Novice: 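The structure under discussion is supplied below as structure tokens; questions concerning it will follow.
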Number of protein chains: 2
Amino acid sequence: MRLLVIEDNDELAGLLAQGLRTAGYESDRFSSVEDARIALSTVSYAALILDLGLPDGDGLDVLRELRRRSDSIPVILLTARGGLDDRVSGLKLGADDYLVKPFALEELLARIEAQLRRPGQLLGASLKVANLSFDTRERRCLIDDTPQPLSVRETTVLEHLMRSKGRVVSKRQLEDSIFGLSEDVGSNAIEVYVHRLRKQLSEKGSKAQIHTIRGVGYLISEDQ
Amino acid sequence: MRLLVIEDNDELAGLLAQGLRTAGYESDRFSSVEDARIALSTVSYAALILDLGLPDGDGLDVLRELRRRSDSIPVILLTARGGLDDRVSGLKLGADDYLVKPFALEELLARIEAQLRRPGQLLGASLKVANLSFDTRERRCLIDDTPQPLSVRETTVLEHLMRSKGRVVSKRQLEDSIFGLSEDVGSNAIEVYVHRLRKQLSEKGSKAQIHTIRGVGYLISEDQ
DNA sequence: TTCCAACCTTACAGCAGCCTTACAGGCCTC
DNA sequence: GAGGCCTGTAAGGCTGCTGTAAGGTTGGAA
């Protein structure tokens, strides 16, 4: 699950990146309104963490644009102490929550989780395909209710497929969810991950299968 | 178990630190509202001991903020004789107990223990994984009901893992619970403690095992 | 059938994360 | 002060993950 962090303070951004990663989120971080726009229009993020005091413009403009085009991505604002006006206008414009600096990393994580748990959002009950299930809270895979060890990449791919149960996921989408904008992929990495994941799952007795839809992408479903 | 002490009198603070340490608690101490905020937002403490007469603001504000964000950390107020109003407003704001200065160290310890023993708090029945159990009251580890000598650090790590039985504990969380804010860790200390703990446990016939979840943290569970 | 693109499979090097060991300093006890 | 234990640091080794590349296989179009 990939989050977008817009924050111009390098130190804070570093801490956030680390904390988010430990909590199992991947993130891209940019420090300007301009980059935020580009990122949002390129990759599909699970949530946006938006600092309001940016050098090249008003973060609220980003929020306003998102909502104008009916993008309901959860947005959590970071505001400096006392920026009451910002908070109020932020919430009016459709922000979902806000935190006043300084804040506890754990609190941010709790707020993110709360947002992702909203109906239609990304954290919820466990996803299930045949005897394979994925616990979105703990971010782990279970076969017949036994937890299975998977690498970080394998877990990410599986999560994406399970969230899109019944729909085809393109290779491009998988690339975006794994690498975001930060890195390039110059290889068949996704194919390799899918291969490794298939191997793990079949070795461990999963009855769910990852099908290839040639020219389109991958699809997870029960057997056959 | 780590406590946060907010007290601006150096002498008293020194005595408290010493007394708490002797009683088996670790503590961080700060002397201003500002530092209190930062500490609370960075580390997860078992309880807060809060003096109300601080130089840079009202300690009650700290308490108010905690409760507003539904943080139920036990808070024990220290008030000067006659500060009746403070006590009343403190309790109204959600403080759990208070002591009037001067007070006996032993009384403070008793109050702390009482708070930690509340349902849902940190002192309680023993935690058990296979033939390994941890008595949170006495703060010691038992294998097949035989007490085992462990060093302070080893005990802290084990306690944290046992309290999070079934969940993964990140290295970062372990660092926070051991070092708090007072020290830095510039090494692989946690890895070393885990290693020492594993050695102790296996030598003494524990059937509980500490598993490594690469890139995530550690997890204690039965065997396998 | 032939050919090409898409995908699968395997192998491998680099690397980060973790384990293990050794050691020096601090503290406590005797 | 001698000895012992605990603590934190450092260094080196090991393991498994990751991304890349290369070659094989499959499916579909012409």
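Since we're looking at a predicted model, the values are computed, not measured.
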Novice: Whole angstrom is fine here: how far is it from OH in B/Tyr193 over to P in D/dC6?
Specialist: 13 Å
Novice: Give the rounded distance in Å between these two atoms: CG of B/Asn188 and P of D/dG13.
Specialist: 15 Å
Novice: Hey, is B/Lys171 close enough to B/Glu175 for a salt bridge, meaning N to O under 4.0 Å?
Specialist: no
Novice: Under a 3.5 Å cutoff, is there a donor and acceptor pairing between the side chains of A/Thr212 and A/Arg198?
Specialist: yes
Novice: Over all strands shown, is A/Arg196 touching base, sugar-phosphate only, or nothing at heavy-atom distances under 4.0 angstrom?
Specialist: base
Novice: Measure the distance from CD on B/Glu191 to P on D/dA11 and round it to the nearest whole Å.
Specialist: 15 Å
Novice: State plainly whether the residues B/Glu159 and B/Arg163 are in salt-bridge range, i.e. N to O under 4.0 Å.
Specialist: yes
Novice: Taking atom C1' of D/dC5 as reference, at what distance in whole Å does atom NZ of B/Lys199 sit?
Specialist: 14 Å
Novice: Pair A/Asp144, A/Lys207 - check salt bridge (Lys or Arg N to Asp or Glu O under 4.0 Å), show working.
Specialist: CA-CA 10 Å; A/Asp144 292 325; A/Lys207 282 168 190 144; 5.6 Å; no
Novice: Tell me which of B/Val194 and B/Arg214 sits closer to the 5' end of DNA chain C, going by the nucleotide each one is nearest to.
Specialist: B/Arg214
Novice: Would you please name every residue forming a side chain to side chain contact (heavy atoms under 4.5 Å, CB included) with A/Pro149, sequence neighbours left out?
Specialist: A/Lys204
Novice: Quickly work out the B/His195 NE2 to D/dC6 P distance and round it to whole Å.
Specialist: 15 Å
Novice: Let me spell it out: for each of A/Glu154 and B/Ser187, pick the nucleotide of DNA chain D with the closest heavy atom. Which residue's pick is nearer the 5' end?
Specialist: B/Ser187
Novice: To the nearest angstrom, how far is A/Glu175 atom CD from D/dT20 atom P?
Specialist: 10 Å
Novice: By the salt bridge (charged side-chain N to carboxylate O under 4.0 Å, His left out) test, which pairs, at least two apart or in different chains, include something from residues 209-219 of chain A?
Specialist: none
Novice: When you match A/Val192 and A/Gly217 each to their closest nucleotide on DNA chain C, which lands nearer the 5' end?
Specialist: A/Gly217
Novice: Could you walk me through whether A/Lys165 and A/Glu222 pass the salt bridge (Lys or Arg N to Asp or Glu O under 4.0 Å) test, one step at a time?
Specialist: CA-CA 10 Å; A/Lys165 175 167 63 163; A/Glu222 310 197 7; over 6 Å; no
Novice: May I have the distance from A/Phe179 (atom CZ) to D/dC17 (atom P), rounded to whole angstrom?
Specialist: 16 Å
Novice: At 4.0 Å (heavy atoms only), tell me whether B/Lys171 reaches a base, stays on the sugar-phosphate, or touches nothing.
Specialist: sugar-phosphate
Novice: Give me the first and last nucleotide of DNA chain C, going 5' to 3', that has any atom under 4.0 Å from a heavy atom of chain A.
Specialist: C/dA5 to C/dA11
Novice: When the distance from CG of B/Leu197 to C1' of D/dC6 is rounded to whole Å, what number comes out?
Specialist: 14 Å
Novice: Does a side-chain N or O from A/Ser151 land closer than 4.0 Å to OP1 or OP2 of D/dG16, or not?
Specialist: no
